[in-house]
Amino acid sequence: VWQNCTYPHVDVIWNQDYKAGMNGIPFVKMHGLGNDFVVFDGRRDPAVLDLDNATAARIADRKTGVGCDQLIVIEPARDDLADVFMRIRNNDGGEVEACGNATRCVANVVMGELGRKEVIIETVVGLLDANGLADGRVTVDMGQVKLDWRDIPLSEAVDTNHIPLSLGPLSDAVGVNVGNPHGVFFVDDAEAVDIEKLGPVLEHHEMFPERANIEVCSIIDENKLRMRVWERGVGVTRACGTGACAAGVAAARRGLTGRKVEVVLDGGPLTIEWLPDDHVLMTGPVATSFSGFLHASLLGNH
């Protein structure tokens with residue numbers, strides 16, 4: 001069962017789904033610049049609070065499940081300062097620490113519920129402040145970026161602005177942690193790089209003990225760069241919010257751009273600003289595609 005919908009009616013849709021008495025667990029399909037998510041509300045349906053990796057991967061499968069880059073569960077907040085807790089699982093089912101585009105989507109949902117333009121989203125790595133803008137975009141403070149080799153983390157002590165790592169046309173990476181680890185490479189033409197071939201090798205390189213998201217970037221001008229991404233546990237995606245943050249920080253560290261840039265991804269642009277206190281702001285659009293009901297078989301219940 002599918003129905004078209006657009007923000008700010010996501011909360012209404014969930015409530016209507018329950019009132020309709022239809023079988024299955026309600027979900028909403030959302031995306032940020034084509035980086036797409038299946039969003040569940042664990043506050044209403046506790047069955048989704050205990051998903052294991054295999055179940056999450058079944059739901060995320062694009063041929064036999066709903067299909068998504070990441071699966072998101074909105075849960076009750078643990079911290080008194082937060083409005084909700086957001087749990088994130090990659091397409092392979094594994095839980096991850098951060099997802100910038102998903103944070104904007106969840107913030108949009110919660111702002112609609114509460115009738116506010118400012119909300120706080122709790123994640124496993126901390127609290128994220130989000131603000132709704134007049135043009136419909138959402139800004140999220142992704143917190144302080146980490147640049148020490150131990151925090152990214154890397155397997156050995158190196159200069160994280162010049163990681164001695166190379167593969168094919170890629171070399172001299174910048175390491176950045178934006179709640180999750182990133183390796184950023186600068187090239188003359190990001191379009192010319194075979195990221196589908198190189199991305200999975202670099203993701204699993206021994207330099208990254210927790211694996212890494214891999215970004216390939218080319219500079220357009222001092223305020224703009226082009227980025228393509230291989231996401232850890234997902235593959236090539238049309239957009240990656242934390243990747244855009246990492247790319248913006250890496251470009252500024254290298255003196256290639258200023259501290260506020262437009263990052264052009266396959267799905268469109270994000271605005272990234274690296275503040276003097278090392279917090280990084282990400283601004284971009286969100287969209288709701290449809291809502292539906294998850295059949296019990298995808299949860300392993302036949």
Side-chain angles (χ1 to χ4, degrees), residues 29-37 62 67-70 72 88 90-91 96 98-108 130 133 135-140 142 145 170 173-174 176 178-200 202-203 212-252 254 256-274 280-289:
K29 182 72 178 289
M30 305 185 75
H31 72 90
L33 297 177
N35 183 196
D36 62 335
F37 317 105
R62 295 192 183 278
C68 61
D69 292 326
Q70 279 89 19
I72 308 299
I88 310 159
N90 272 342
N91 176 272
V96 292
C99 179
N101 289 318
T103 303
R104 292 201 318 279
C105 287
V106 170
N108 216 26
L133 305 184
D135 61 7
R137 294 183 302 160
V138 176
T139 295
V140 176
M142 296 299 294
V145 295
L170 303 181
V174 181
V176 184
V178 191
N180 51 9
H182 295 265
V184 183
F185 294 86
F186 291 97
V187 295
D188 291 335
D189 183 6
E191 310 293 344
V193 175
D194 188 352
I195 196 168
E196 291 191 6
K197 178 181 178 181
L198 302 177
L202 291 166
E203 173 194 347
N213 301 273
I214 304 299
E215 288 79 32
V216 176
C217 305
S218 50
I219 303 301
I220 298 173
D221 61 40
E222 64 178 7
N223 300 310
K224 191 173 185 178
L225 60 88
R226 173 74 170 104
M227 185 193 95
R228 298 174 63 216
V229 60
W230 175 274
E231 285 201 57
R232 178 183 62 166
V234 181
V236 174
T237 59
R238 293 184 63 190
C240 175
T242 59
C245 292
V249 170
R254 287 275 180 93
L256 301 173
T257 67
R259 294 176 72 101
K260 184 174 183 178
V261 294
E262 180 180 74
V263 180
V264 181
L265 305 103
D266 289 354
L270 290 173
T271 300
I272 305 299
E273 184 174 7
W274 186 24
V280 60
L281 304 181
M282 173 196 57
T283 301
V286 302
T288 301
S289 303

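The structure presented is a predicted model; accordingly, all values stated were derived computationally and were not measured. Heavy atoms only: backbone and side chains are in, while hydrogens, waters and symmetry mates are out.
- Within the model, atoms SG of Cys99 and CG of Asp69 stand 8.0 Å from one another, a figure rounded to the nearest 0.5 Å.
- Atom OG1 of Thr237 sits about 10.0 Å away from atom CH2 of Trp230, to the nearest 0.5 Å.
- Although no hydrogens or angles enter the test, the distance criterion places no donor-acceptor pair under 3.5 Å between the side chain of Glu215 and the main chain of Ala244.
- For Arg238, the side-chain hydrogen bond (donor to acceptor under 3.5 Å, both in side chains) criterion is met by no residue, not counting sequence neighbours.
- The backbone N or O of Leu33 lies less than 3.5 Å from no partner atom in the side chain of Asn101, so there is not a single donor-acceptor pair.
- Side chains of Cys245 and Val145 form no contact here, defined as non-hydrogen atoms less than 4.5 Å apart.
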Verdict with reasoning, Phe185 to Val193, per side-chain contact (heavy atoms from CB on, under 4.5 Å): CA-CA 11 Å; Phe185 294 86; Val193 175; over 6 Å; no

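- Distance alone, capped at 3.5 Å, is enough to place a donor-acceptor pair between the Arg104 side chain and the Pro285 backbone.
- Not one N or O on the side chain of Asp266 forms a donor-acceptor pair closer than 3.5 Å with the backbone of Ala239.
- Other residues, nucleotides and ligands contribute at most 12 non-hydrogen atoms within 6.0 Å of the CG atom of Asp188.
- Atoms CG and CD1, on Leu225 and Ile272 in that order, are 9.0 Å from each other to the nearest 0.5 Å.
- Distance alone, capped at 3.5 Å, places no donor-acceptor pair between the Asn180 side chain and the Ala212 backbone.
- Note that SG of Cys68 and CZ of Phe37 are 9.0 Å apart. Values are rounded to the nearest 0.5 Å.
- Between Cys240 and Leu265, the closest heavy-atom pair is N-CD2, 3.4 Å.
- In terms of heavy-atom proximity, Gly100 sits nearest to Met282 at O-CE, 3.2 Å.
- Between the side chain of Arg228 and the backbone N or O of Ala190, at least one donor-acceptor pair lies under 3.5 Å.
- The side-chain heavy atoms of Ile72 and Gln70, taken from C-beta on, include a pair separated by under 4.5 Å.
- Minimum interatomic distance between Leu270 and Gly284 (heavy atoms only, all atoms of both residues): CD2-CA, 3.6 Å.
- Not counting sequence neighbours, Ser218 has no partner by the side-chain hydrogen bond (donor to acceptor under 3.5 Å, both in side chains) test.
- Pairing each heavy atom of Ala130 with each of Val138, the nearest pair is CB-CG1, 4.4 Å.
- The shortest side-chain heavy-atom distance between Asn35 and Glu231 falls under the 4.5 Å cut-off.
- How far CD1 of Ile214 is from CG of Leu198: 10.0 Å, rounded to the nearest 0.5 Å.
- Between atom OG1 of residue Thr242 and atom CE of residue Met142 there is a gap of 6.0 Å, rounded to the nearest 0.5 Å.
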side-chain contact (heavy atoms from CB on, under 4.5 Å) evaluation trace for Glu196 with Asp194: CA-CA 6 Å; Glu196 291 191 6; Asp194 188 352; 3.9 Å; yes

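- Taking both residues in full, the closest heavy atoms of Ala252 and Trp274 are given as CB-CE3, 3.7 Å, listed atom of the first, atom of the second, then distance.
- Looking only at side-chain heavy atoms (C-beta outward), Val249 and Val184 stay at 4.5 Å or farther from each other.
- Lys260 and Asn223 get closest at one heavy-atom pair: O-OD1, 3.9 Å.
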Residues Glu262, Lys224; criterion salt bridge (Lys or Arg N to Asp or Glu O under 4.0 Å); working and verdict: CA-CA 5 Å; Glu262 180 180 74; Lys224 191 173 185 178; 3.5 Å; yes

